[in-house]
Every structure is written in C-alpha cells, then in structure tokens.
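Input: a single structure, listed below in structure tokens.
Numbering of ligands and ligand atoms starts at 1, following listing order. For the single chain, residues carry numbers from 1 onward in sequence order.
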Amino acid sequence: MSLLRTFLPYPRAIRAMGFPKEVSGIRGRYLRCREHWANHLERSRSIILQGAERAEQRRKAVILGGGLLHDVPLAELSALFREVVLVDLIHPWSSRWATRHLRNVKRLEADITNTLDATYRVAWDGDKPLPTSEPRLFLDDPEVDFTASVNLLSQLPCMPMDYLKREGAHASVKVEQFARHLISAHLEYLNRLPGKVSLITDMERLKINLMGSIVERRDLFFGLPWPTRGEEWEWKLAPCPEADRSHHYYRRVLGIADWK
Ligand SMILES: C[S@@+](CC[C@H](N)C(=O)[O-])C[C@H]1O[C@@H](n2cnc3c(N)ncnc32)[C@H](O)[C@@H]1O
C-alpha cells in the first residue's frame with residue numbers, strides 16, 4: 001500500500017488545500033532554522049517519552065501528526081512498544097527512509113479530523129454547512145496504550161481555513177467557528193481514546209521586534225480556553241529574517257505528558 005501511495009498523487013482535497021507544499025515548506029524551514037528549533041524539538045520528545053512511560057501496557061503507541069518526525073523519539077518508542085502507528089495525511093519519503101530499519105513502525109495515511117473531503121466539497125457553496133468533525137480512529141482499539149498528538153492541533157484548521165477563505169463562499173465568522181470546532185473536537189477525541197495520551201501544541205503566535213518586544217500576539221485557539229496544565233516553552237519557529245526582515249515569529253507551546 002505504501003509503495004503504491006508513493007506513485008499516486010494525493011487525494012484532490014489534500015492537494016487543493018496545499019498540504020504537500022506545506023510539508024515541504026516545513027522541511028526547508030527546519031533545515032534553515034534547526035539550531036533555533038532544537039530546544040522545542042527536544043522538549044517535545046521529552047514530553048512524549050514521559051507520557052509513553054506512564055502507559056500501563058506496551059502494546060500499541062499512536063503518533064498523531066508524525067509528519068517529518070523531527071519532534072518524535074521514534075527509536076525509543078519502537079523499543080518500548082510492540083507496535084508504533086504514525087498517523088498523518090503525508091508521510092514524506094525522507095522520514096520513511098530514515099526509519100526503515102524500525103520494523104514495528106506502521107504508517108497510516110488518514111485525515112484525523114474526518115472533514116477534509118467534505119470541506120472541499122462544500123467550499124464553493126456558502127449555502128451548504130461546513131462539516132462536523134467526528135474523529136474515530138482507534139477509539140475502539142483496546143490495544144492502544146499510548147497516543148501522542150504532536151504539534152498538530154493548531155495545524156488542523158490552518159489549511160482548511162485558508163482554502164475556505166480563498167474560495168470566499170462562507171462568511172469569515174463561520175470559518176472561524178469551524179476552526180474552533182476542529183480544535184475542540186480534537187481535544188474531545190483525545191479524552192475518548194483508550195490508554196495514556198500526551199498533547200503538544202502551539203497556542204499563540206508571537207511577533208517580536210529586533211529589540212525583543214512582543215508587538216503582536218495571535219491566538220491559535222481562536223478564543224477557546226487554553227489548557228492550564230503542563231509545561232510551556234517558546235518555539236523559535238521563524239527567527240528574523242526567515243519570515244520577515246524586521247521581526248521574529250515565535251510560538252508559545254504547551255506540552256502535557258498525561259492529558260487525561
Ligand atoms: C507542524 S507538522 C507537525 C510536526 C511533525 N511532527 C514534524 O516533525 O514535521 C503538522 C503535521 O500535521 C499534519 N496534518 C495536518 N492536518 C492533518 C489532518 N487533518 N490529518 C492528519 N494529519 C494532518 C501535516 O501533514 C503535518 O505533517
């Protein structure tokens with residue numbers, strides 16, 4: 001299946017929303033900014049391992065948003081668990097190749113929100129309601145002892161929102177409501193999964209001038225309350241001049257080893 005996937009284009013909704021381009025953009029930025037990202041990646045890996053070690057059994061571990069695997073301690077998880085399942089829309093060749101020796105790692109190409117196709121179908125028609133997100137993956141799999149949602153949550157609404165805005169058929173208030181709904185449906189999904197669950201997510205975008213002052217904050221939860229537990233840190237995502245010649249764009253990140 002995975003070999004077949006390599007030679008097939010991604011489904012239309014995924015291409016139209018620009019996911020493959022986004023993933024190659026993340027790869028390029030990682031290569032340029034990896035020293036600045038090191039602390040964030042290390043802290044993300046540490047939260048995942050803290051969560052994994054709390055699992056009562058070591059059968060199946062699930063990583064939601066594995067993608068390029070920069071922030072996933074995959075070798076350690078592969079040694080701890082009987083099986084590790086990486087879930088993402090896109091499993092780039094670079095990460096497949098780098099981890100080919102880990103025989104108990106599987107990849108599942110799936111939309112965690114279960115809404116992308118439906119969003120694509122109604123995007124041009126403002127009279128049609130935006131879909132309801134009902135994530136179901138692994139809810140009925142009693143062998144799942146650990147799941148980590150890894151730097152994924154704030155990404156769930158991003159590309160669908162941009163696509164809906166480009167199509168312009170749905171009012172922006174409806175699009176923002178949809179973004180909030182995708183975030184709360186994912187958090188609700190994490191509550192319902194079997195086993196231990198870790199969550200790592202950025203919550204806020206910070207625009208910082210060259211004097212080090214924050215000049216703008218953007219709430220990536222669109223007004224939903226941020227979780228108040230866990231550890232917080234800064235991800236130096238795009239230090240100047242990566243995205244802008246006079247500002248850094250950083251993220252405030254939250255890591256919770258035991259979400260439930
Ligand atoms: C910021 S990256 C996460 C970091 C990732 N662990 C890495 O090292 O590249 C966000 C990931 O979420 C995935 N993603 C976004 N929306 C998704 C969805 N609806 N279902 C599954 N994966 C999704 C993207 O393909 C991307 O790999």
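Heavy-atom proximity to Gly67, at under 4.0 Å, picks out these atoms of ligand 1: 27 (O). Within ligand 1, the atoms closer than 4.0 Å to a non-hydrogen atom of Leu69 are 7 (C), 8 (O), numbered from 1 in the order shown. Short contacts between ligand 1 and Val23, defined as distances under 4.0 Å to a heavy atom of the residue, involve ligand atoms 25 (O). For ligand 1, the atoms sitting less than 4.0 Å from at least one non-hydrogen atom of Ala110 are 20 (N), 21 (C), numbered in the order shown with element in parentheses. Atom numbering of ligand 1 starts at 1 in the shown order; those under 4.0 Å from a heavy atom of Phe19 are 15 (C), 16 (N). Counting the atoms of ligand 1 from 1 in the order shown, those under 4.0 Å from a heavy atom of Val150 are 3 (C). Within ligand 1, counting atoms from 1 as listed, the ones closer than 4.0 Å to a heavy atom of Leu156 are 16 (N), 17 (C), 18 (C), 19 (N). Interface of Asp111 with ligand 1, defined as ligand atoms under 4.0 Å from a residue heavy atom, comprises 18 (C), 19 (N), 20 (N).
Atom CD of Glu83 and atom CZ of Arg59 lie 11.0 Å apart (nearest 0.5 Å).
When hydrophobic clusters are built by joining Ile, Leu, Val, Met, Phe, Trp and Tyr residues whose side-chain heavy atoms come closer than 4.5 Å, directly or via intermediates, Ile183 is not grouped with Val150.
Counting heavy-atom neighbours within 6.0 Å of Arg180 CZ, excluding the residue itself, gives a total above 12.
Scanning the protein heavy atoms around atom 9 (O) of ligand 1, the nearest turns out to be Leu68 N, 3.1 Å. For atom 22 (N) of ligand 1, the closest non-hydrogen atom of the protein is Leu89 N, 3.3 Å. Annotation: atom 4 (C) of ligand 1 to nearest protein heavy atom, Asp71 OD2, 3.4 Å. The closest protein non-hydrogen atom to atom 8 (O) of ligand 1 is His70 N, 2.9 Å. With respect to atom 14 (N) of ligand 1, the closest heavy atom belonging to the protein is Leu152 CD1, 3.6 Å. The protein heavy atom nearest to atom 25 (O) of ligand 1 is Asp88 OD1, 2.6 Å. For atom 20 (N) of ligand 1, the closest non-hydrogen atom on the protein side is Ile112 N, 2.9 Å. Among all protein heavy atoms, the one lying closest to atom 1 (C) of ligand 1 is Asn151 O, 3.3 Å.
Checking only distances, Val87 never comes within under 3.5 Å of ligand 1, N or O to N or O. Between Gly66 and ligand 1, a contact under 3.5 Å exists for at least one N or O pair.
Shortest non-hydrogen contact noted between Leu137 and Leu193 is O-CD2, 3.7 Å. Residues Lys260 and Gly195 share a closest heavy-atom pair of NZ-O, 2.6 Å. Between Arg252 and Trp226, the shortest heavy-atom contact is NH2-CZ3, 2.9 Å.
For Asp111, the side chain to side chain donor-acceptor pair (under 3.5 Å) partners are Thr113, not counting sequence neighbours. Applying the side chain to side chain contact (heavy atoms under 4.5 Å, CB included) rule to Pro129 yields no partners; only residues at least two apart in sequence or on another chain are considered.
In this model, a donor atom of one side chain and an acceptor atom of the other lie less than 3.5 Å apart for Ser46 and Gln50.
Judged purely by atom type and a 3.5 angstrom limit, His247 has no side-chain atom pairing as donor or acceptor with the backbone of Cys240. Although no hydrogens or angles enter the test, the distance criterion places a donor-acceptor pair under 3.5 Å between the side chain of Asn104 and the main chain of Phe81.
Neither the backbone nor the side chain of Tyr30 has a heavy atom within less than 4.0 Å of ligand 1.
Cation-pi geometry between Arg100 and Trp97 is satisfied (NZ or CZ under 6.0 Å from the ring centre, within 45° of the ring normal).
Every heavy atom of Ser44 sits 4.0 Å or more from the atoms of ligand 1.
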